[in-house]
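Structure first, commentary second.
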Amino acid sequence: MLESKLLRGNIDFVVEQLNRRNFSFNAGEFNELEDQRKILQVKTQELQNSRNTRSKSIGQAKANGESIEQLLKEVSELGEKLDNAKIQLQEIQSKISDITLSMPNIPHPSVPQGSTEDENEEVLSWPTKGPSEFDFEPKDHVDLGEMYGIDFAAAAKISGSRFVVMTGKLAKLQRALTQFMLDHHTEKNNYQETYAPYLVNSDSLMGTGQLPKFEADLFKTHLHGEEGEARALYLIPTAEVPLTNLVRDSIIDESDLPLKYVAHTPCFRSEAGSYGKDTRGLIRQHQFEKVELVQISKPSESYKVLEELTNDAEGILQLLELPYRKVTLCTGDLGFSSAKTYDLEVWLPGQNAYREISSCSCFESFQARRMQLRWKNPETNKSEFLHTLNGSGLAVGRTLVAVIENYQNVDGSITIPKVLQSYMGGLTKIK
RNA sequence: GGAGGGAUGGCAGAGCGGUUGAAUGCACUGGUCUUGAAAACCAGCAAGGGCUAAUACCCUUCCAGGGUUCGAAUCCCUGUCCCUCCA
């Protein structure tokens with residue numbers, strides 16, 4: 001959600017900035033609603049004021065033993081007018097909030113202009129010389145995985161497409177990756193390990209921006225009947241949702257900032273609108289594992305924190321010795337809530353391409369405003385919105401893909417990365 | 001499964017139909033005192049919104065949603081969450 005001052009005072013700027021990310025905003029319609037809102041709100045408040053003062057004087061008159069009949073008559077006439085005004089005001093306000101809740105964030109000035117992912121800007125690649133060549137034709141993770149216990153057919157039987165069953169060494173390797181990531185982020189990078197619910201309410205999804213606009217991307221659960229529907233819960237599409245909402249509706253002590261959370265959770269995405277895309281393999285699943293980093297920071301430090309958080313995620317790739325590149329998303333590729341995003345893309349030799357494995361974003365106060373997340377700024381002595389950030393550290397399923405493909409040998413065996421061997425009971429190779 | 005109790009400002013905790021947006025304590029901010037700090041004392045201190053150039057002023061908010069009333073933190077109903085007791 002954008003600042004209402006900005007919407008009222010500088011709408012042209014908003015239109016121009018949202019245009020940068022291909023979002024066209026009808027300022028005329030919005031201004032008209034705003035004008036009506038202003039008139040109705042003033043009128044309603046005036047009516048409330050006169051009702052309040054009159055009711056108060058009834059109390060006083062009674063205490064003095066004076067007659068109150070005249071006053072009672074006046075107030076009852078006010079009541080009806082007030083009710084009408086309130087209803088009208090509510091209608092306008094809900095129209096306005098529908099609009100504001102559906103407006104994406106404004107991109108940071110440093111975000112490159114562009115309309116598709118082709119215009120994302122590469123920041124660096126690691127190692128600098130790029131991924132090294134294989135001296136044989138590398139297989140992709142599906143072919144390799146079939147030999148060691150990745151079973152899409154079994155998953156299709158028990159659930160459907162875009163699910164997977166893994167058994168044996170590869171299942172363990174995924175667990176090893178998860179453990180390694182959690183240990184690294186808690187021990188080396190000082191994040192607080194957190195276990196949180198996988199089912200969340202709609203307020204939480206509203207807070208981080210998945211609702212109201214992207215309900216189709218979510219799996220929704222509810223009990224039977226109307227009452228059950230009213231209390232629907234959603235499967236989390238990312239741990240960003242429960243982690244960031246930990247601090248919804250709160251005022252954080254300056255001394256506790258920045259807050260740093262890490263959690264491993266499964267993530268659930270309906271992948272509506274991605275038909276035919278990445279149908280082969282583990283890349284795009286309805287259910288996948290992810291280790292997520294979330295930070296809550298002072299506004300003045302959030303872009304420093306974005307660099308740090310991205311580095312924390314990169315650290316995992318470097319320790320796993322997986323070639324990757326870091327790109328700044330262009331305005332057109334930016335997520336709804338984000339002001340600036342770095343994507344980390346890992347090299348997949350089986351696909352001969354870089355694929356996203358982490359997305360690290362600064363949301364500025366966009367989410368904080370939706371969820372009433374504040375701190376007391378000692379300089380102004382006022383409560384102000386904090387900044388929220390998150391990034392995958394990393395997407396475990398895709399990391400597994402990257403390990404399988406990058407560590408494959410000519411005989412089809414898979415070497416275990418050094419840092420994972422202790423998590424695999426000393427195993428050095430899957431064969 | 002049954003029976004109760006509770007949800008109030010950053011925190012703790014009074015209030016239980018009318019000058020209560022809310023006592024008090026802690027925390028916090030400013031001041032006095034002090035070489036400095038602590039202590040003590042004095043003062044200030046909820047949030048959101050409207051209208052403003054800015055004050056002033058006004059509105060809303062005591063878990064959420066309905067209701068009763070001229071008037072609700074206070075009474076009634078529904079829901080959510082917490083706690084206690086009995087089985």
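No hydrogens, no waters, no symmetry mates; every other heavy atom, side chains included, goes into these values. Just so we're on the same page: letters track the sequence lines, and every chain starts at 1. A quick note: this is a predicted structure, and the numbers were derived from the prediction, not measured.
The P atoms of B:C59 and B:U19 are separated by 14 Å, rounded to the nearest whole Å. Atom name P, nucleotides B:G6 and B:G17: the rounded distance is 15 Å, in whole Å. Nucleotides B:U32 and B:A38 place their C1' atoms 15 Å apart, quoted to the nearest Å. Rounded to the nearest Å, the gap between the C1' atom of B:U61 and that of B:A72 is 13 Å. Atom P of B:U68 sits at a distance of 40 Å from the matching atom of B:A53, rounded to the whole Å.
When both pairing distances are held under 3.5 Å, B:A46 makes a Watson-Crick or G-U pair with B:U61.
Figure legend: cation-pi geometry between A:Lys326 and A:Tyr342, with NZ or CZ positioned under 6.0 Å from the six-membered ring centre and within 45° of its axis.
Among the nucleotides B:C51, B:C58, B:C70, the one closest to the side chain of A:Asn49 is B:C58. Of the listed nucleotides (B:C59, B:C51, B:G49), B:G49 has the atom at the smallest distance from the side chain of A:Gln41.
The pair A:Lys298-A:Glu254 counts as a salt bridge, with a side-chain nitrogen and a carboxylate oxygen less than 4.0 angstrom apart. Between A:Arg37 and A:Glu34 there is a salt bridge, with a side-chain nitrogen of the basic residue lying less than 4.0 Å from a carboxylate oxygen of the acidic one.
For the atom pair A:Leu394 CG and A:Glu356 CD, the distance stands at 11.0 Å (nearest 0.5 Å).
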